[in-house]
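Structure record follows, encoded as C-alpha cells.
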Number of protein chains: 2
Amino acid sequence: MLALRTHIENYTSTTLSDNDFALVAAAFTPKRLRRRQYLLQEGEVCKYFAFVLEGALRQYSVNNKGVEHILHFAVENWWIGDRESFVMLTPSPYNIDALEDSHLLLITHPQLQELMLTVPAMTRLVRELDQRNFIATQRRLHASFGSTAEERYAELQQQHPDFLQRFPQHMIASYLGVTAETLSRVRQKATRQ
Amino acid sequence: MLALRTHIENYTSTTLSDNDFALVAAAFTPKRLRRRQYLLQEGEVCKYFAFVLEGALRQYSVNNKGVEHILHFAVENWWIGDRESFVMLTPSPYNIDALEDSHLLLITHPQLQELMLTVPAMTRLVRELDQRNFIATQRRLHASFGSTAEERYAELQQQHPDFLQRFPQHMIASYLGVTAETLSRVRQKATRQ
DNA sequence: GAATACCCTTGACATAAGTCAAGAGTCCTG
DNA sequence: CAGGACTCTTGACTTATGTCAAGGGTATTC
C-alpha cells in the first residue's frame, strides 16, 4: 500500500496528508491473482482499474485466426485496465491476465470519481497518467510505421530491457507484432554480430 | 470563434457563462495558414496548440529514407499539435502543415495552464481530449497489429469516409502505413468486386 | 494556354515476414 | 521420476508489400 502512496506523490509532485491517504487507501480493494488468472475477459465490461503491487500482467486480444496480440505489459508500480471499457462501460475486446502470481489494488469507476472529488491529487494523477499513456502509445504507433522487426526489437532492448528478462520470447514477439519465429531469427542475427 | 464555444460545451456537457467564454476567447490567438505552410517543423518545440476553425492539417514525420509517415489529420472543430513537445518543451520529431488554406485558434502552454485555473470547464475539456486521444491512438495501435492493408483501408472507410474524399490517395496511404502503389492496388481490387 | 508539377495506375521484380513442420531442451506436475 | 506441456530454434516454402520504372491524366501557375 505504501507503494501506491509513493507512486501518487511522485507522479503529482505532491505530499499526501495522512488523511488524504486514508481516503485513497479506503477506496482500493486488495486482490491476489494466480498465474494465468484473468482480471478481465473479452466481452466483459472492465469493472476495475488495477494498480500492480507485485507481479506482472498483460493486456491482449485474440484475432479471428486465434492469434494473440499483446498490447501492454504491466509490472510493479504501474496500472492496468481497459480505459475505454472502464469509462464508457462498453464490452472490452481485450483480455487481461496474470503472467505471474500478482498482488493488485482494485478500484471501480464510481469509487475513482468520488476519490477525484475528495482528493485533488488523484485528479492530477489521472490526468498525468492519461497524458503519459497517450504519449507512449503515440510513440509506439509512430514506431510501428515502416520499422522492421529488428528495429523494434532494438528499441525494446533500450526502453524495457527488464521485459526481455522477465517474459517468454513468444510474448515479446507478440508485443512487437511479429511471430515467435521471426523474433528468434532477429535475435540470432543480432548476437551473431 | 463560436465553433470553439460549441466544441467546449459539447465535450464537457457544460454551458459556458459569457464571462467564462470571454476568458477563453481572450486566451486564443487567431491565425491563418496558407496551403503547405508549416505550423510546426521538426526540431522546433511545439509552442502552440491549435483548434481548427476551417481547413485541414496533417502531423507527419520523415524517416531516415526520406519517406513521410502521417500520424494524424485534423479538420474543422478538432485540435492539432504535438502534445509531448508542447508539455515537455522538448524538440518535436514531427512536422505539422496545412493541406488547405486554414483558419486556426492558437494557445500557448502557459496560457492554457492559466485558463484551466480560471475556467474549470477547460480542465475537463483537456482531460476529455486526452482520454479520447489515448483511446483512439490505442485503437489504431491495435489495428496496426497483423491487419492487412486491405483491412485497414476498410476500417478507414468506416471511420472517416470524409478523409477519402478530402485528401489525396498517397496521403491516405501514408496514414495507413502503406505505399501509394499498394493502396492503389487495394482499391482496384475492392471496386472490381 | 503552354509548361510544369502533382497524382494515380500498372508491370516486373525484390524482400521481409508469415506459415507449416519438425526436433531438442526445459520446466512443471501428478 | 516419467510424461506432458511449454519454449525456442531451424529449414523450406508462400505471400503481402515494397521498390523501381514508365506512362497518362489532371491541376496549377506563370
Side-chain angles (χ1 to χ4, degrees), chain A residues 34-37 55-56 58 60-70 73 97-101 143-157 163-193, chain B residues 34-37 55-56 58 60-70 73 97-101 143-157 163-193:
Chain A
R34 313 286 295 274
R35 185 163 130 89
R36 261 160 240 219
Q37 200 178 337
R58 62 174 175 165
Y60 67 100
S61 61
V62 181
N63 75 6
N64 44 25
K65 282 173 191 105
V67 179
E68 290 177 2
H69 284 301
I70 296 178
F73 291 114
D97 66 7
L99 298 175
E100 306 167 0
D101 293 350
S144 80
F145 269 123
S147 61
T148 62
E150 210 168 324
E151 290 163 335
R152 275 176 276 164
Y153 180 69
E155 171 83 11
L156 185 65
Q157 268 183 319
F163 286 4
L164 301 183
Q165 300 306 315
R166 193 155 179 180
F167 307 127
Q169 272 179 48
H170 67 274
M171 289 194 188
I172 300 290
S174 167
Y175 181 77
L176 294 175
V178 298
T179 59
E181 293 95 325
T182 296
L183 181 60
S184 173
R185 287 187 249 260
V186 164
R187 282 166 51 92
Q188 190 215 34
K189 198 176 148 202
T191 52
R192 250 196 297 109
Q193 286 166 1
Chain B
R34 312 285 295 274
R35 185 163 130 89
R36 261 160 243 217
Q37 201 178 334
R58 62 174 175 165
Y60 67 101
S61 61
V62 181
N63 75 5
N64 45 24
K65 280 172 192 106
V67 180
E68 291 177 1
H69 285 300
I70 297 178
F73 291 112
D97 66 6
L99 298 175
E100 307 167 1
D101 293 350
S144 81
F145 270 122
S147 61
T148 62
E150 211 166 324
E151 291 163 335
R152 275 176 277 164
Y153 180 69
E155 172 82 11
L156 187 65
Q157 268 182 320
F163 286 4
L164 302 183
Q165 300 307 315
R166 195 156 178 180
F167 307 128
Q169 271 180 49
H170 68 273
M171 289 194 188
I172 299 291
S174 167
Y175 181 78
L176 294 175
V178 298
T179 59
E181 293 94 326
T182 296
L183 180 60
S184 172
R185 287 186 249 261
V186 164
R187 282 166 51 91
Q188 190 214 35
K189 199 176 147 202
T191 51
R192 251 198 296 107
Q193 285 165 1

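Every value quoted in this text rests on a predicted model; they were computed, and no experiment measured them. Chain letters run A, B, ... following the sequence lines, proteins first and then strands; every chain starts at 1.
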Exercise for the section: Round to a whole Å and report the spacing from OH of B/Tyr153 to C1' of C/dC8. Expected result: 13 Å

Exercise for the section: Without swapping roles, check the side chain of B/Gln37 against the backbone of B/Arg34 for a donor-acceptor pair under 3.5 Å. Expected result: yes

Problem - B/Glu181 CD - D/dA16 P separation (whole Å) - result: 18 Å

Practice task
Check every strand shown and say whether A/Ala180 touches a base, only sugar-phosphate, or nothing at a heavy-atom separation below 4.0 Å.
Solution key: nothing

Problem - Side-chain-base donor-acceptor pair under 3.5 Å for B/Arg185 and C/dG11 - result: yes

Exercise for the section: Please work out which of the three classes, parallel, tilted or perpendicular, describes the rings of A/Phe73 and A/Phe163, given edges at 30° and 60°. Expected result: perpendicular

Handout entry: For atom CD of A/Glu100 and atom C1' of C/dC28, their distance in whole Å
Key = 16 Å

Handout entry: N or O in side chain of B/Thr179 less than 4.0 angstrom from D/dG18 OP1/OP2
Key = yes

Exercise for the section: Return no unless some side-chain N or O of A/Gln188 is found under 4.0 Å from OP1 or OP2 of D/dT10. Expected result: yes

Problem - A/Thr148, nearest nucleotide to its side chain (from C/dT10, C/dA16, C/dG18) - result: C/dA16

Practice task
Could you state the atom-to-atom distance from NZ of A/Lys65 to P of D/dT15 in whole Å?
Solution key: 13 Å

Practice task
Report the residue from B/Lys189, B/Arg185, B/Arg187 that forms a salt bridge (Lys or Arg N to Asp or Glu O under 4.0 Å) with B/Glu150.
Solution key: B/Lys189

Problem - Of residues 165-177 of chain B, the positions that come close to DNA chain D - non-hydrogen atoms, cut-off under 4.0 Å - result: B/Gly177

Completion exercise
Assign each of B/Arg35 and A/Leu183 the nucleotide of DNA chain D bearing its closest heavy atom; nearer the 5' end lies the nucleotide of A/Leu183

Exercise for the section: Select one nucleotide: of D/dT10, C/dT10, C/dA17, the one nearest the side-chain heavy atoms of B/Ser184. Expected result: C/dT10

Handout entry: Gap separating the CE atom of B/Met171 from the CG atom of B/Leu99, nearest 0.5 angstrom
Key = 5.0 Å

Problem - Rounded interatomic separation in angstrom, taking NZ from A/Lys189 and P from C/dT15 - result: 12 Å

Problem - B/Ser61 OG to B/His69 NE2 distance, which is reported to the nearest 0.5 Å - result: 6.5 Å

Problem - Nucleotide D/dT17, atom C1' - distance to CD of B/Glu151 in whole Å - result: 14 Å

Practice task
Counting heavy atoms from C-beta on, name the nucleotide in C/dT10, D/dC6, D/dT17 closest to the side chain of A/Arg36.
Solution key: D/dC6

Exercise for the section: May I ask you to decide whether A/Arg58 forms a salt bridge with A/Glu68, counting only side-chain N to carboxylate O separations under 4.0 Å? Expected result: yes

Handout entry: B/Asp101 side-chain N/O to B/Arg35 backbone N/O, donor-acceptor pair under 3.5 Å
Key = yes

